[in-house]
Amino acid sequence: MSWTDERPPWLPPLPSPNRGRIRIVVGMTMVIACMLGILVVAFLGETLSMYTWWPLAGGLAFLMSGLLSRRRMP
């Protein structure tokens with residue numbers, strides 16, 4: 001083991017390579033489930049409730065926050 005194997009203490013810690021992955025997966029799952037639900041309701045000819053849009057907005061918020069956290073800031 002060489003002295004170059006260890007990170008110097010003055011360097012900032014390395015970010016996780018999987019940063020934001022859970023929020024992206026949760027957001028995509030919510031958006032896809034909401035869209036499929038809307039398509040089923042539209043196919044059956046039912047009336048769509050305005051409460052259906054809350055999971056879609058939440059899924060988009062999760063998706064955007066996960067994608068923005070993956071962005072590298074200089």
Side-chain angles (χ1 to χ4, degrees):
M1 185 167 176
S2 174
W3 65 272
T4 57
D5 292 340
E6 297 178 13
R7 267 179 82 74
W10 48 269
L11 282 176
L14 290 173
S16 170
N18 298 329
R19 178 186 287 179
R21 179 178 289 179
I22 293 175
R23 284 179 283 173
I24 292 172
V25 170
V26 169
M28 285 300 293
T29 305
M30 288 176 72
V31 168
I32 290 170
C34 188
M35 288 298 177
L36 287 176
I38 289 171
L39 286 175
V40 168
V41 168
F43 178 74
L44 295 175
E46 300 289 328
T47 326
L48 193 62
S49 171
M50 289 303 289
Y51 291 117
T52 309
W53 301 108
W54 285 110
L56 181 64
L60 288 174
F62 272 117
L63 187 60
M64 285 188 297
S65 71
L67 288 173
L68 286 174
S69 71
R70 291 179 76 93
R71 204 166 104 184
R72 302 235 183 237
M73 299 302 273

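In what follows, every heavy atom counts, from backbone to side chain, and hydrogens, waters and symmetry copies are set aside.
Residue Met64 is not grouped with residue Val31 when hydrophobic side chains (ILVMFWY) are merged at heavy-atom distances under 4.5 angstrom, including chains of intermediate members. Residues Leu68 and Met28 do not share a hydrophobic cluster, defined by chaining ILVMFWY side chains whose heavy atoms lie under 4.5 Å apart. Leu44 and Val41 fall into different hydrophobic clusters, where Ile, Leu, Val, Met, Phe, Trp and Tyr are joined by side-chain heavy atoms under 4.5 Å apart, directly or via other members. Both Ile32 and Ile24 are members of a single hydrophobic cluster when ILVMFWY side chains are connected at heavy-atom separations under 4.5 Å. One hydrophobic cluster holds both Met30 and Ile22 under the rule that ILVMFWY side chains link at heavy-atom gaps under 4.5 Å.
Across Gly66 and Arg23, no two heavy atoms sit closer than the pair CA-CB, 4.0 Å. Among all heavy-atom pairs drawn from Gly20 and Ser69, the shortest one is CA-OG, 3.5 Å. Taking each heavy atom of Arg70 and Arg19 in turn, the nearest pair found is CG-O, 2.9 Å.
Among residues two or more places apart in sequence or in another chain, the side chain to side chain contact (heavy atoms under 4.5 Å, CB included) test is passed with Trp53 by Ile38, Leu48, Met50, Leu56.
Within 6.0 Å of CG in Leu67 there are more than 12 heavy atoms belonging to other residues, nucleotides or ligands.
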